[in-house]
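Quick notes on the structure that follows.
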Amino acid sequence: MIKNKIFTLLISGFILGLVFTGCSNQQEAGGTDEAAKRVYVAPGQYDEFYTFMSGGFSGQVTVYGIPSGRLFKIIPVFSQDAETAYGYSEETKAMLNTSYGFIPWGDAHHPELSETDGVHDGKWLFINENNTPRVARIDLTEFETAEILELPNSAGNHGSPFITENNEYVVASTRFSVPIPQKDVPIKSYKENFNGTISFIKVDKTSGEMSIGFQILVPGFNYDLAHAGKGPSHDWAFFTCYNSEQANSLLEINASRNDKDFIAAVNWKLAEKYVSEGKAKKVAANYAHNHMDEKTQTAVSVMNKEVLVLDPKDAPGMIYYIPTPKSPHGVDVDPTGQYIVGGGKLSTVLPVHSFDKMIKAIENKEFDGDVDGIPILKYDAVIAGEVKEPGLGPLHTEFDDKGFAYTTAFISSEIVKWKIGTWEVVDRVQTYYSPGHLNVPGGDTKKPWGKYVISLNKITKDRYLPTGPALCQSAQLFDISGDKMKLLLDFPTIGEPHYAQSIPAEMLMKNSKKIYKLEDNEHPYAAKGVKETKVERKGNEFHVTIGASRSHFTPDNIEGAKVGDKVYFHVTNFEQDWDIPHGFAVMGNRNSELLIMPGQTRTILWEPQKVGVYPFYCTDFCSALHQEMQGYIRVSAQNSNPEIKYTLGE
Amino acid sequence: MKLIKALILASLLLLASCGESKEKAPESSNDSAKEKLAQKFGLTLFELENGVGPIKEKLDLSPLDIEMASRGQKLFEEKCASCHKLDERFTGPAQRDVIERRTPEYIMNMILNPEEMIAKHPEVKKMLAMYMTSMTYQNVSKEQAREILEYFRKVDKEK
Ligand SMILES: [Cu+2]
């Protein structure tokens, strides 16, 4: 993500890193009895926190227990998953629909839990897709993807999906500027033709459903990360940007020239007001909005054709630039909502801006010029303090419940703890190696739970048994309950763990769904009981409506299919008890298996190519007689006219 | 894991049930033998007779309610028929005469609380050893279980 830009520094960082590691081994508490006790969750016991991690380029979200670091679940979000049939089954394919058509992969970055009054409320988890700009919402009763919204007028949806205090908006800014709307222009015309956007996605209070409220057209910089304000800064959201040089090539050097880039401060309440006054323009667009229909358990994809775009020129007072040293990456707002920390990744200090001072500076018009009419505030008028020696390459900051902040330093591979208000560094600890984001449970909310910090490392190097050139990705857990941070545990992650969010286990456990009720299943091919199982032909479609319970399929002998048919197996799991999934696979299918949860109906398409009799079976070991859970389907010649027959137990 | 659990249970139960059948060989209906059996499994006499679960008292069964039975039939077809037929063994036992084998309270507790029944009740343990699949909770309410019971009462009469 930021690797390109700091590649050159990386090499020197490694040398430094080696020096640090060499002398700081005694800091490593991991492996000691005490650390082992802290992370040991006895068999049958539960973890304290759920941690949702970005699966990075796997496109998924992973669910871990903290402090044990145990992996519970991979939630498929932006990538197909042959294990669960996400993106393969007829019910889920449409979740991966976009304005470009079906896309099997995505690059997941920042998980963000929903909030009420600035505190995690345990309803939903949002996560962004960087490559083909999208935001997904995961339902935290099911731990499944419920919705994916594509973002038009966007490229590199990186500064996303950060949430306002009451889920009013999920904000999303563009890492790459592009011609908006897209057009055929020379790349070198960047400065005239390229723009960024900041999207404000509305979230329905009860259903969680997302829709684009409005977008703001902004100068063609790279908008990197974001955070919404809280408390006094409730009405505002903050967005870092780099490449204020507006380079279109060799950004590593060309976008690193300016002494300061910016944090854009956006008054979204005011923006909302301008939108309601009709100041935004309706712009033609084409973007997919996919959601899982709860009743039919089937994804529905709708193409939206319009979006509201606000030009800052028509919206005075809505947006300001706060100068921030050297290509800032993260922007993090402390629990009081007063301080805005910019992670200037090439900077030697960590600037902390004051919200109150920002408001005063705006009132007193303490400006230092403007960019396309957007006022630039005076650095000295806004700055609250600078953290000196924050480590090399400071990126991200989270907060604890005791007035301290924790900042990752990518190049020097450390977490630096400092005090809000005095800005003095009080502790530092090595990480292995090169942390990007970090996570304190509740650490970006009004009420951090504290206790731990998780370092999400970009490089693993020598920490685990080697597995060839491709090594595992990794996180590290530190205890922050005392004055000194203590390393407790290393644990591998799936994909690059860009960011994570943690929530006390009891907040989600009690809502976790156990089954889908058969009586609520409105899937058009659901079999509610054995009586509704059937096999029908519709032209060259051959529909098998089949039921699964321990330890047989109803029916399990099926005849009448032909070569060239599209055979749809609609499998309903009749079970209504927790933890009794069934699976389904048919020999030679060039498609995934199915996993069907109790009460659910899932459909897999099979296109048989040769005559014969093909076995199918349950893939999920469901009972002592699981090996008996099988059936046969007969495939006759294309030009034949076989009778349809389906039976069980005959 | 589910399999291992089931297998261990099943084999334990096979053992347990052999021992037990010897013990109560003279198939006595006298109270003291029953009491001993109940004690051995940590059950009350009521529970031995009527199962473990939410039904803790004898039901007051009125004459057959045909409408209630037909609601029960619909539920049975939706939620039970994949494992139970009326007149033949399937995944579980044939159910036409279940009302003769078991008390109404036992049947309802079995529907509403199978997991605990399997864990505690000697009769269910025996059955599990025979069928090798566990009877499962099908997310039916007490009221619905009562309707299914009515259906069982009805089909028994139709023999
Ligand atoms: Cu199965």
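Proteins get letters first, then strands, A, B, ... in listed order; numbering begins at 1 in each. All of these numbers come straight from a predicted model, not from anything done at the bench.
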*Supply the atom-to-atom distance Q144(B) CD to E519(A) CD, rounded to the nearest 0.5 angstrom.*
6.5 Å
*Do the side chain of T91(B) and the main chain of R550(A) share a donor and acceptor less than 3.5 angstrom apart?*
yes
*Flag yes if more than 12 heavy atoms outside K295(A) fall under 6.0 Å of its NZ atom; otherwise flag no.*
no
*Neighbour count >12 (heavy atoms, 6.0 Å) for atom CD, E57(B)*: no
*Would the number of heavy atoms belonging to other residues, nucleotides or ligands and lying under 6.0 Å from CZ of R634(A) be above 12?*
no
*Could you tell me whether a side-chain N or O of E78(B) sits under 3.5 Å from a main-chain N or O of K528(A), the two making a donor and an acceptor?*
no
*Tell me, side chain or backbone of H626(A) under 4.5 Å from chain B's heavy atoms, or both, or neither?*
neither
*For E294(A), look at atom CD and say whether over 12 heavy atoms of other residues, nucleotides or ligands are found less than 6.0 Å away.*
no
_Spatial distance of atom CE (M135(B)) from atom CG (D577(A)) [nearest 0.5 Å]_ = 9.5 Å
*asked:* To check you understand the geometry: which heavy-atom pair defines the closest contact between V530(A) and S82(B), and what is its length?
replied: CG1-CA, 3.6 Å
_Between E575(A), K517(A), K514(A), E532(A), who has the most heavy-atom pairs with chain B when the cutoff is under 4.5 Å?_
E575(A)
*Any chance NZ of K531(A) has more than 12 other-residue heavy atoms, nucleotides or ligands included, within less than 6.0 Å?*
no
*Should the heavy atoms of other residues, nucleotides or ligands under 6.0 Å from OH of Y632(A) be counted, would the total exceed 12?*
no
*Does the side chain of Y137(B) come within less than 4.5 Å of I580(A)'s, by heavy atoms?*
no
_Between F90(B) and chain A, with a heavy-atom cut-off of 4.5 Å, which part of the residue counts as in contact: side chain, backbone, both or neither?_
side chain
*Check the surroundings of atom OH in Y131(B): do more than 12 heavy atoms from other residues, nucleotides or ligands lie under 6.0 Å from it?*
yes
